[in-house]
2 protein chains.
Amino acid sequence: MLTTGLEDYLELIYKAILNNKNLKAIDIANEFNISRSSVSEALIRLADLDLVIYEGRKGIKITEKGIIEAEKILNKHNILLKFFNQVLKIDYQTANKNACKIEHVIDDCVLEKIKNFSEFCIESNLVKGESGD
Amino acid sequence: MLTTGLEDYLELIYKAILNNKNLKAIDIANEFNISRSSVSEALIRLADLDLVIYEGRKGIKITEKGIIEAEKILNKHNILLKFFNQVLKIDYQTANKNACKIEHVIDDCVLEKIKNFSEFCIESNLVKGESGD
DNA sequence: TAACATTGTTAGGCTTCCCTTACTAAATCT
DNA sequence: AGATTTAGTAAGGGAAGCCTAACAATGTTA
């Protein structure tokens, strides 16, 4: 089981790759407000776990195993984001921030219920109008 | 800001006091599956923060400040528990377990929305029948 | 190309939160 | 009361995850 921090970093790496962005270690440091040396450590740990391939300045690549892990996390994130933003009408920033924290601790079965409930609410027009921006 | 662990311990202490139970350090150790010595440390830290008064075998008392903190946490817990159990129909055990984890990371404004939404769902009979468990 | 800026690594350190082992003090049993 | 069990403390240790400072390597620019 990955720690919260490692999950966050892996998620960011995966999103960057999806968007064809060339993510550097320093971008991770900036995103999470941690030092470059902490990112170094974290990338080494992710590489040890066979989730990424890290070769310093040459860039950060993700492994098959890493993709599977990252997709799980991203999926959790998106279910929570949708619920917060579209059902509860919480502004995007706050919705995103809370999704980021909760995705690391919530059980899959609860997430499943939230997902179904969100879909039900949206499809039945129970919630309508603007999502919280 | 309290850590997850300290919040958990304080919450348990407060609940015990509400129920007139004489909670001992070893009960905390058992509840959270940590060692007696770790509980010792934690109680010293809670006492340093002026949240409890700890005098070894004489028992654990809670301060005014501790009560305020504990009530905040318990309130969060109960909002989440209600939503999971009564709205999402998740079994009590699982609902409780997830509330325990999420209560430490969720923002107040999100909780407020969840609370209102839960009440709306329950009052409008949108959710009915058995709560999960 | 020389100087400067950026990026990454290394080394050493700190705090939190957990552990085990050994000891002390209190409570309980016979 | 004496022996045993239970509860708590003390000392020492370890992993995670962060830090700063110093250094190395690469890029950029004048």
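All values below come from the heavy atoms of this structure, side chains included, with hydrogens, waters and symmetry mates left out. In what follows, chains are A, B, ... by sequence order, proteins preceding strands, each numbered from 1.
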Distance check needed: dG8(D) P versus L23(B) CG, whole Å only. 9 Å
What I want to check is whether an N or O donor and acceptor connect the side chain of E41(B) with the base of dC17(C) at under 3.5 Å. no
Just to confirm, is there a sub-4.0 Å distance from OP1 or OP2 of dC19(C) to any side-chain nitrogen or oxygen of S38(B)? yes
Using only atom types and a distance under 3.5 Å, with no angle test, would you say the side chain of D107(A) pairs donor to acceptor with the backbone of V110(A)? no
Given DNA chain D, 5'-ward residue of the pair T4(A) and V39(B), judged by closest heavy atom: V39(B)
Has the side chain of R57(A) got a donor or acceptor atom sitting under 3.5 Å from an opposite partner on the base of dA25(D)? yes
Using whole Å, what does the distance between atom P of nucleotide dT9(D) and atom CD1 of I60(B) come to? 10 Å
Using a cut-off of less than 4.0 Å, is there contact between a side-chain N or O of S40(A) and OP1 or OP2 of dG8(C)? no
Is F32(B) touching bases, backbone alone, or none of the nucleic acid, heavy atoms closer than 4.0 Å? nothing
Going by modelled atom types, is there a donor-acceptor pair between the base of dG8(C) and the side chain of R36(A) at under 3.5 Å? yes
Side-chain donor or acceptor of S118(B) paired with backbone N/O of I114(B) under 3.5 Å: yes
Atom CD1 of I34(A) and atom P of dT15(C): how far apart are they, to the nearest Å? 20 Å
So, is Y9(B) close to the dC17(C) phosphate, meaning a side-chain N or O under 4.0 Å from OP1 or OP2? no
Between F83(B) and F83(A), what is the ring plane arrangement, given parallel below 30°, perpendicular above 60°, and tilted in between? parallel
If you check every side-chain atom of S37(A), which of dA11(D), dT20(D), dG17(D) has the closest atom? dT20(D)
Candidates dT16(C), dT9(C), dA7(D) - which lies nearest the side chain of T3(B): dT16(C)
Do S38(A) and S35(A) have side-chain atoms, one donor and one acceptor, less than 3.5 Å apart? yes
Euclidean distance, atom CG of residue D48(A) to atom P of dA16(D) [Å, nearest integer]: 11 Å
Cluster check I67(A), L49(A): I/L/V/M/F/W/Y, side chain < 4.5 angstrom: yes
Interatomic distance, L43(A) CG vs dG8(C) C1' [rounded to whole Å]: 10 Å
Determine the contact category for D27(A): base if any of its heavy atoms lies under 4.0 Å from a base atom, sugar-phosphate if only primed atoms, P, OP1 or OP2 are that close, otherwise nothing. nothing
Within this structure, what is the NZ-to-C1' distance between K24(A) and dA5(C), rounded to whole angstrom? 12 Å
Spacing of I28(A) atom CD1 relative to dG17(D) atom P, expressed in whole Å: 14 Å
Separation of dC19(C) atom C1' from N33(B) atom CG, nearest Å, is 13 Å
